[in-house]
Amino acid sequence: MELKLILVDVDGTLTIDRDTYILELDAIRALREVQKLGFKVGIVSGNSYPVLRALYTYLGFNGGIVAENGCVVYYDRLYEVCEKIDKGLITEFEKLFNVRGSWQNPFKCCDLTFTPPKLTEEMVKWAREKGLYIKTSGYAIHISKSKKGKGDGVRFLLSLLGVSKNDVIGIGDSDTDVEFLEEVGFKVVVGNGEEKVKKLGNYITKEKSGKGVAEFVNMLIVNRGDIHGRNRGADL
Ligand SMILES: O=C(O)COP(=O)(O)O
Ligand SMILES: [Mg+2]
């Protein structure tokens with residue numbers, strides 16, 4: 001296993017906590033630092049491509065982008081890997097369930113988001129009857145025409161990068177990260193992550209959200225990129 005890539009979820013993982021959009025700068029500092037060991041750093045999120053491309057650019061990351069919960073992938077160029085969704089559904093869903101469409105929806109092709117993030121039985125039934133897929137990230141409800149999720153996007157990105165899943169560390173917080181983490185070799189879940197995700201984690205951080213990312217990545221740096229901590233006997 002020669003680790004080469006760290007893929008990180010954004011909301012709830014790079015942020016200060018799971019109820020805010022404010023970035024944890026210790027996480028960014030650590031991810032910037034670990035790139036000096038030769039790691040690439042990429043982001044995997046339900047957010048829109050323009051939001052993630054700006055984040056990726058200004059944070060100086062270089063390991064690719066999986067946007068719209070796996071429907072849009074960027075590395076050397078932009079790929080849309082899902083079916084486009086009818087934007088007319090936005091008003092219908094808003095009115096039916098008294099929710100708000102995200103300001104990002106006009107910048108999305110395939111995955112529409114709404115808040116508040118509480119998914120109800122009626123919403124699931126509505127989606128099923130329309131042949132749509134629906135899920136919640138804890139931040140927002142996501143609706144798409146394609147069954148594809150973060151796992152499909154990550155598999156596609158790894159093929160673009162020419163790396164095998166064993167070379168990859170993934171870090172996440174919510175249910176939409178389960179299939180993403182199943183596509184990487186070493187699974188890290190932040191301490192305040194969903195229980196369902198923690199169950200599949202190889203390492204659960206003591207700290208929450210972004211501080212948890214900093215905790216794990218700084219340990220990786222001290223161990224010069226060795227997750228088994230052979231260099232220092234850390235219990236990674
Ligand atoms: O877009 C969302 O709902 C949450 O974003 P995330 O996938 O970065 O956690
Ligand atoms: Mg998240």
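Indexing begins at 1, ligand by ligand and atom by atom, following the structure's order.
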- request: Considering only NZ, NE, NH1 and NH2 on the basic side and carboxylate oxygens on the acidic side, decide whether E195 and K199 come within less than 4.0 Å.
  value: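 No, this pair does not count.
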- request: Taking atom types as modelled, find out whether T120 and E122 have a side-chain donor-acceptor pair closer than 3.5 angstrom.
  value: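 Side-chain D/A pair, T120 to E122: present.
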query: Between S174 and T176, does any side-chain donor sit less than 3.5 Å from a side-chain acceptor?
result: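 Short answer, yes.
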- prompt: Under 2.8 Å from the Mg ion (ligand 2), protein N/O/S atom count?
  reply: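 If we list every protein N, O or S atom nearer than 2.8 Å to the Mg ion (ligand 2), we get 3.
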Residues that C109 engages under disulfide (SG to SG under 2.5 Å), provided they are two or more places apart: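 None.
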- request: Work out which heavy atom in F180 is nearest to a heavy atom in D9; give both atom names and the distance.
  value: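 For F180 and D9, the tightest heavy-atom pair comes out as CE2-N, 4.1 Å.
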Contact summary for V190 and K208, nearest pair of heavy atoms: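 The answer is CB-C, 4.5 Å.
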message: Is there a salt bridge (charged side-chain N to carboxylate O under 4.0 Å, His left out) between E183 and R155? Walk through the geometry before answering.
response: CA-CA 7 Å; E183 295 304 324; R155 256 198 317 280; 2.7 Å; yes
Pairs of nitrogen or oxygen atoms, one from ligand 1 and one from the protein, closer than 3.5 Å: please tabulate them with distances.
{"unit_1": "ligand 1", "atom_1": "1 (O)", "unit_2": "H142", "atom_2": "NE2", "d": "3.4"}
{"unit_1": "ligand 1", "atom_1": "3 (O)", "unit_2": "S137", "atom_2": "OG", "d": "2.5"}
{"unit_1": "ligand 1", "atom_1": "3 (O)", "unit_2": "H142", "atom_2": "NE2", "d": "2.6"}
{"unit_1": "ligand 1", "atom_1": "5 (O)", "unit_2": "D11", "atom_2": "OD2", "d": "3.2"}
{"unit_1": "ligand 1", "atom_1": "7 (O)", "unit_2": "D9", "atom_2": "OD1", "d": "3.1"}
{"unit_1": "ligand 1", "atom_1": "7 (O)", "unit_2": "G46", "atom_2": "N", "d": "2.8"}
{"unit_1": "ligand 1", "atom_1": "7 (O)", "unit_2": "K150", "atom_2": "NZ", "d": "2.8"}
{"unit_1": "ligand 1", "atom_1": "8 (O)", "unit_2": "D9", "atom_2": "OD1", "d": "3.0"}
{"unit_1": "ligand 1", "atom_1": "8 (O)", "unit_2": "V10", "atom_2": "N", "d": "3.3"}
{"unit_1": "ligand 1", "atom_1": "8 (O)", "unit_2": "D11", "atom_2": "N", "d": "2.9"}
{"unit_1": "ligand 1", "atom_1": "8 (O)", "unit_2": "S45", "atom_2": "OG", "d": "2.7"}
{"unit_1": "ligand 1", "atom_1": "9 (O)", "unit_2": "D9", "atom_2": "OD1", "d": "2.8"}
{"unit_1": "ligand 1", "atom_1": "9 (O)", "unit_2": "D9", "atom_2": "OD2", "d": "3.3"}
{"unit_1": "ligand 1", "atom_1": "9 (O)", "unit_2": "D11", "atom_2": "O", "d": "2.9"}

message: Let's test your reading of the model: do C71 and C110 have SG atoms under 2.5 angstrom apart?
response: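 Cystine link not detected, SG atoms outside the 2.5 Å cut.
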field: Contacts of K130 that satisfy side chain to side chain donor-acceptor pair (under 3.5 Å) - sequence neighbours left out
entry: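 Side chain to side chain donor-acceptor pair (under 3.5 Å) check on K130 returns E92.
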